[in-house]
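Throughout, numbering of the chain's residues begins at 1 and tracks the sequence. Counting starts at 1 for both ligands and their atoms, in listed order. From a predicted model like this one, the values you see are computed outputs, not experimental measurements.
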Amino acid sequence: MDNWILKNAGLLVNEPAKDRPVAEGEVKVKVSYVLASNYDAVLYSGEGGACYPKTIGRFAVGRVTETCGECYGVEKNMRVLLLPERSCGNCLSCKTGKGEKCASPAVAGKDFNGFLRDFVVCKSRDVAPLPDSVSDTDALCAEAVAVAEKVCDRLALPTGSRVAVIGGNFTGNIIAQVLQYHKLVPIVIDNNPAALEKTRGCGIYYSFEADESLTENLMEATSGQLCDAAVYSTCSKLDPALTIRSVAEGKLAVIAGFAPINFNIPARELCDKNVTLSSVMNGFGYTDTAINLLVHKAADISVFDKEVLTEFDPNAVYKALSESAAAKFGKLKIFKLII
Ligand SMILES: [Zn+2]
């Protein structure tokens with residue numbers, strides 16, 4: 001039996017959870033796969049602001065083993081995504097019955113117990129049924145697609161607009177793919193040739209190294225205008241100044257990803273260019289859209305190598321993830337729980 005509780009920074013302990021009965025409107029889900037994410041690694045390292053103890057694991061899929069009462073579209077034996085965020089219950093939107101517009105959603109593994117455990121009992125609205133065409137691996141990446149879609153909405157740019165994506169890693173790659181699906185033109189910037197190679201493999205036309213010829217390359221790709229927007233992927237660990245440098249005057253820059261890492265944005269350059277800064281740190285409210293985008297292959301998840309761990313030591317996995325100096329283009333590591 002698995003239930004990996006983060007007791008403190010750097011200390012995960014496997015303690016069997018007490019099963020509680022399924023109440024009216026709730027479902028019981030047997031967890032099948034959990035993605036070992038950079039976000040979980042940040043929580044593990046102690047930087048993520050988790051309230052210990054909490055079961056770790058933000059991204060997971062499973063199968064419904066039990067339902068109770070009216071569960072609106074969720075039935076026993078359905079394959080489901082466990083939603084990585086839930087409405088907080090405390091903000092004005094939540095208190096006025098508009099939980100779907102929650103201002104600060106609670107995050108799995110940080111604000112409520114995550115999913116690296118055998119069973120989860122939760123409200124039926126906290127799971128999303130998965131169509132057959134969306135694989136378990138696709139579904140584990142649905143939150144990244146949701147973030148990408150939220151970024152697109154936030155940018156609200158006309159077709160053909162040039163958008164710099166700083167970071168060609170996992171999240172950056174998916175953001176670029178979704179931008180392209182929406183007929184925007186992503187320009188991926190990274191200092192890792194392998195990540196750039198992978199974005200080119202996804203059909204992304206513009207990808208540049210973060211070197212001294214970057215500005216010249218950007219000017220060429222944008223008819224001398226620089227980009228209409230810039231998106232900084234937080235797990236890229238690239239220089240955030242690239243975000244301001246790549247965007248034209250008076251435009252929007254978005255910080256996007258999962259992990260709330262501290263870094264400095266050059267305020268003078270930001271002010272000189274009159275750039276508006278915004279952030280998208282979750283895909284709350286966009287899960288159904290993300291699943292639909294995956295059905296329509298708006299983002300090709302198969303480009304990422306993956307490693308399915310049937311026997312695992314989460315302490316070692318998260319330690320390695322949190323210690324990697326830069327989020328290089330590693331494999332997706334997926335914990336397979338005993339079914
Ligand atoms: Zn709320």
Side-chain angles (χ1 to χ4, degrees), residues 5-6 20 22-29 31 34-35 37-40 42-43 47-62 68-74 80-117 120-129 139-156 171 175 234 252 254-262 276-293:
I5 301 172
L6 190 57
R20 71 172 175 86
V22 184
E24 175 74 28
E26 287 190 331
V27 297
K28 185 172 184 178
V29 177
V31 181
V34 177
L35 180 69
S37 69
N38 282 321
Y39 178 78
D40 296 333
V42 168
L43 292 181
E47 286 176 46
C51 289
Y52 308 113
K54 284 276 181 311
T55 301
I56 202 164
R58 179 168 171 180
F59 310 114
V61 293
C68 180
E70 190 52 74
C71 285
Y72 303 107
V74 183
V80 293
L81 172 72
L82 287 147
L83 299 196
E85 292 98 28
R86 297 173 184 173
S87 47
C88 75
N90 297 318
C91 71
L92 185 64
S93 295
C94 284
K95 285 190 166 158
T96 51
K98 296 181 193 116
E100 74 283 358
K101 291 196 163 67
C102 176
S104 65
V107 179
K110 174 173 171 276
D111 306 306
F112 63 94
N113 281 324
F115 307 127
L116 191 54
R117 52 180 155 146
V120 174
V121 174
C122 62
K123 295 200 172 69
S124 62
R125 64 159 187 260
D126 292 328
V127 302
L140 290 173
C141 302
E143 175 74 353
V145 177
V147 164
E149 183 66 9
K150 210 168 182 175
V151 166
C152 280
D153 270 8
R154 187 73 57 87
L155 297 177
T171 317
I175 289 171
T234 56
L252 181 63
V254 181
I255 296 168
F258 307 113
I261 298 165
N262 271 329
T276 304
L277 192 59
S278 179
S279 70
V280 173
M281 297 306 290
N282 62 65
F284 182 74
Y286 281 72
T287 305
D288 291 343
T289 311
I291 291 171
N292 199 33
L293 285 167

Residue and atom names of protein N/O/S atoms that fall under 2.8 Å from the Zn ion (ligand 1):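 Metal shell, protein only: Cys88 SG, Cys91 SG, Cys94 SG, Cys102 SG.
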What is the distance from atom [atom1] of [X] to atom [atom2] of [Y], rounded to the nearest 0.5 Å?
| X | Y | atom1 | atom2 | result |
| --- | --- | --- | --- | --- |
| Cys94 | Glu100 | SG | CD | 9.0 Å |
| Thr171 | Tyr39 | OG1 | OH | 13.5 Å |
| Asn90 | Lys95 | CG | NZ | 5.5 Å |

Could you walk me through whether Phe258 and Asn38 pass side-chain contact (heavy atoms from CB on, under 4.5 Å), step by step? CA-CA 8 Å; Phe258 307 113; Asn38 282 321; over 6 Å; no
For Val107, does its backbone N or O pair with a side-chain atom of Asp111 as donor and acceptor, under 3.5 Å?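 Confirmed, Asp111 side chain pairs with Val107 backbone.
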Can you list every pair that meets side chain to side chain donor-acceptor pair (under 3.5 Å) and has a residue in residues 276-286, with sequence neighbours left out?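 For residues 276-286: Lys150-Asn282, Asp153-Tyr286, Arg154-Ser278.
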